[in-house]
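Only one structure is covered here, and it is reproduced in the block below.
Each chain gets a letter, A, B and so on, in the order the sequences are listed, and its residues count up from 1.
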Amino acid sequence: MTVIHVPRLDPQSAMDRDRPVNALLKSQILHLHEAERRLPVRHHTDIYINAIKTEGEAVEYIRAVTEAIHGAHAEAAARRAKRRPAIEIAAVADEGPVRKPKSGGKGKKKGKS
Amino acid sequence: MAAGLDQLKHIVVLMMENRSFDHMLGSLAAVNPAIDGITAGLSNPDTTGALVQPQALAAFQGQLDPDPDHHFPAVDLQIFGGDTSAGRVPNMQGFVKSYFNQQQDVGHSQKIMYYFAQNQLPVLTTLALEFAVFNGWFASIPGPTICNRAFAHYGTSFGQVGMSVFYVMEPYKSIYERMVGAGHTAKIYYYDTTSSTMEVVNLLQNEPQLFATYPQFLSDCASGSLPDYSFVEPNYSDHDTDDGEEVASDQHPDHNIQAGEAFIASIYNAVKNSPLWPNTALLVVYDEHGGIYDHVAPPNCSPNALDGFTASANDTGMGQPFAFDRLGVRVPAILISPWVPKGTVVSGRVFEHASIPATVTKFFLGSYAQRTAREAAADTFVDLISLDVLRQDCPDFDV
């Protein structure tokens with residue numbers, strides 16, 4: 001089996017946190033800003049996106065809003081879990097009592113088919 | 001049905017960023033003439049009228065700075081060379097002119113013609129030569145990332161030709177929601193919380209059900225618990241983590257190409273070393289060309305296969321509306337599976353990003369009515385998994 005060598009990269013030589021934000025990250029920031037506005041206020045960041053100029057600044061905002069979305073979903077899941085016991089009780093009640101099949105039931109069905 | 005196709009249970013798509021076919025794989029025409037790459041006679045005029053030929057002088061980083069323009073008007077110039085007449089035809093003659101517009105520097109503008117030598121990209125070129133490389137996989141739109149990625153997720157961009165926020169319109173659902181709704185499993189794996197996803201609207205609505213991160217992808221491969229369909233996003237940014245420095249691996253200019261090579265290798269190795277290797281097909285594809293030269297003219301879409309949306313003249317920035325009736329520039333695409341014949345070159349067929357939901361839908365769901373005519377007409381690719389005997393000669397990468 002052939003093993004292909006993949007050159008190792010020195011992160012120091014490739015990284016540039018001061019690189020100007022590219023169009024893709026700018027767009028991601030705008031999309032996340034739109035998402036942030038739809039979250040409960042307690043999950044909002046206090047980051048002013050128009051001041052973001054570098055990739056290093058961009059990632060701080062991207063991480064903050066992504067974590068906020070995670071937090072908001074986790075809260076919602078916890079709320080749903082709290083409500084679940086009552087829902088489960090209601091669901092069981094909806095099913096009604098378990099009944100044993102009548103002895104003649106099977107034969108009747110067969111006769112119809 | 002081939003034995004290989006009978007074994008297929010998982011499809012994984014890795015979508016990289018902003019590189020054209022000729023830029024990444026054009027060198028392979030010298031290795032295999034069936035690959036539609038760089039050949040003698042190709043050129044673009046610069047703004048002095050001199051012809052600039054493609055040269056194998058591409059650098060891993062620091063060369064395409066500023067980021068080449070790939071918004072709708074710039075791509076229109078790249079494809080049509082500045083011809084705006086009614087009867088124009090694509091000639092792929094405007095790449096140098098377009099890049100010149102950003103810095104007014106003739107010498108710098110010529111770098112848009114540079115491509116990588118085969119030995120600079122050991123991962124991508126090996127995969128292309130070992131598995132199935134597509135001669136005709138095009139971006140869905142002659143425009144930037146977000147609208148092109150939308151076609152991979154929804155089979156449409158809902159009328160967008162740019163980077164704007166959009167919201168999904170009924171009756172169209174993402175491929176993930178279609179899969180889950182039919183009892184299948186599907187996930188988008190983004191790199192980490194700091195890189196996040198380009199599917200922000202989906203994240204807002206469906207986190208965590210449809211989302212996980214790259215470490216989870218590696219874990220799911222190792223444990224044999226991949227979803228039926230997986231979409232993997234690279235790292236979009238240089239950033240620090242608790243484990244150290246993470247270099248952007250998306251290959252978006254001016255991010256480092258070698259970091260992307262290592263990332264592609266890591267995804268391939270994870271799949272290959274998984275117990276699911278015999279049951280998995282991995283597609284590596286780029287979202288769009290990023291303003292970088294390619295010589296193949298994008299085709300028109302069939303009039304019967306449009307997605308039903310029109311971008312306004314204001315949105316295109318061209319003074320003309322766009323009916324999503326032609327494709328964007330060609331991008332690298334490689335289908336990987338131990339059931340794909342070595343050295344397959346897919347020619348004479350047209351693929352685009354709507355081919356992704358089209359393939360996943362056809363394979364897992366069969367018929368599905370609530371999708372665009374564009375997606376319904378898109379070519380699908382699992383037929384390339386055509387071997388009856390599992391290959392034992394697939395390469396490994398030492399990452």
Side-chain angles (χ1 to χ4, degrees), chain A residues 1-40 43 45 49 52 54-78 80, chain B residues 17-18 60-61 65-67 69-71 120 122-123 126 130 144-146 162-165 190 192-201 203-204 206-209 236-240 244-248 250 252-256 258-259 261-262 264-266 392-399:
Chain A
M1 190 178 304
T2 312
V3 178
I4 307 294
H5 175 64
V6 181
R8 298 286 180 270
L9 179 71
D10 171 18
Q12 291 290 344
S13 69
M15 284 197 76
D16 184 2
R17 296 173 190 80
D18 295 327
R19 181 187 294 123
V21 182
N22 67 30
L24 180 61
L25 291 180
K26 275 183 192 166
S27 168
Q28 192 183 22
I29 288 167
L30 291 175
H31 289 210
L32 285 165
H33 187 58
E34 187 71 22
E36 183 186 5
R37 289 176 50 219
R38 289 161 194 270
L39 295 176
H43 290 291
T45 72
I49 63 167
I52 296 172
T54 68
E55 199 160 312
E57 293 164 352
V59 300
E60 293 304 318
Y61 180 73
I62 291 165
R63 176 170 53 216
V65 178
T66 305
E67 286 174 349
I69 293 171
H70 289 178
H73 277 284
E75 272 185 17
R80 284 195 298 273
Chain B
E17 276 287 313
N18 289 38
F60 296 128
Q61 196 168 25
D65 185 15
D67 178 19
D69 193 349
H70 46 281
H71 285 78
Q120 288 180 285
V123 177
T126 297
E130 287 283 339
T145 288
I146 298 297
M163 302 288 269
S164 307
V165 177
Y190 57 87
D192 63 13
T193 304
T194 307
S195 175
S196 195
T197 177
M198 290 299 156
E199 265 299 283
V200 173
V201 174
L203 182 75
L204 188 64
N206 296 306
E207 209 286 327
Q209 291 86 351
Y236 298 113
S237 59
D238 290 350
H239 60 266
D240 295 310
E245 294 171 319
E246 295 284 352
V247 178
D250 60 354
H252 189 296
D254 188 36
H255 290 154
N256 191 282
Q258 286 184 303
E261 280 269 289
I264 295 168
S266 78
Q392 303 292 339
D393 64 344
C394 302
D396 281 318
F397 296 107
D398 68 347
V399 286

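When each of Asp393(B), Ile146(B), Asp67(B), Val123(B) is scored by its heavy-atom pairs under 4.5 Å with chain A, the top score falls to Ile146(B). In terms of non-hydrogen atom pairs under 4.5 Å with chain A, the most contact-rich of Ser195(B), Gly244(B), Pro208(B) is Ser195(B). Of the listed residues Val201(B), Asp250(B), Asp240(B), Asp192(B), the one with more heavy-atom pairs under 4.5 angstrom with chain A than any other is Asp240(B). If you tally non-hydrogen atom pairs under 4.5 Å between each of Glu17(B), His71(B), Gln392(B) and chain A, the highest count goes to Glu17(B). The residue among Cys394(B), Pro395(B), Ala248(B), Ser196(B) with the most heavy atom pairs within less than 4.5 Å of chain A is Ser196(B).
Contacts of Ala23(A) with chain B are made by both backbone and side-chain atoms, with heavy-atom separations under 4.5 Å. Only the side chain of Ala265(B) comes within less than 4.5 Å of a heavy atom in chain A; its backbone stays farther off. Both the backbone and the side chain of Asp398(B) come within less than 4.5 Å of a heavy atom of chain A.
To the nearest 0.5 Å, atoms OG1 (Thr66(A)) and OH (Tyr190(B)) are separated by 6.0 Å. Atom CG of Asp254(B) and atom CG of Asp16(A) lie 8.5 Å apart (nearest 0.5 Å). A distance of 9.5 Å separates CG of Asn22(A) from OG of Ser237(B), quoted to the nearest 0.5 Å. Between the NE2 atom of His31(A) and the CG atom of Leu204(B) there is a distance of 12.5 Å, given to the nearest 0.5 Å. The CG atom of Leu32(A) lies 8.5 Å from the CE atom of Met198(B); values are rounded to the nearest 0.5 Å. Atom NE2 of His239(B) is separated from atom CZ of Arg17(A) by 10.0 Å, given to the nearest 0.5 angstrom.
Using a distance-only test at 3.5 Å, with no hydrogens or angles considered, a donor-acceptor pair links the side chain of Gln61(B) to the main chain of Ala14(A). Remark: the backbone N or O of Thr197(B) is paired with a side-chain donor or acceptor of Gln28(A) at under 3.5 angstrom. The backbone N or O of Leu24(A) lies less than 3.5 Å from no partner atom in the side chain of Thr145(B), so there is not a single donor-acceptor pair. A donor-acceptor pair is defined here as one N or O able to donate and one able to accept, closer than 3.5 Å; no such pair exists between the side chain of Asp238(B) and the backbone of Gly56(A).
Between Leu203(B) and His73(A) the shortest side-chain heavy-atom distance does not fall below 4.5 Å. When side chains are defined from C-beta on, Pro20(A) does not count as touching Pro66(B), because their heavy atoms never get closer than 4.5 Å.
Atom CZ of Arg8(A) sits in a crowded spot, with more than 12 heavy atoms from other residues, nucleotides or ligands closer than 6.0 Å.
Contacts of Asn206(B) classified as side chain to side chain donor-acceptor pair (under 3.5 Å), with partners at least two apart in sequence or in another chain: Asn202(B).
Taking all atoms of both residues into account, the shortest heavy-atom contact from Leu25(A) to Tyr236(B) is CD2-O, 3.8 Å.
Sorted by first and then second residue, the pairs that involve residues 55-65 of chain A and meet side-chain hydrogen bond (donor to acceptor under 3.5 Å, both in side chains), not counting sequence neighbours, are Arg19(A)-Glu55(A), His33(A)-Tyr61(A), Glu36(A)-Tyr61(A), Glu55(A)-His255(B), Glu60(A)-Arg63(A), Arg63(A)-Thr194(B).
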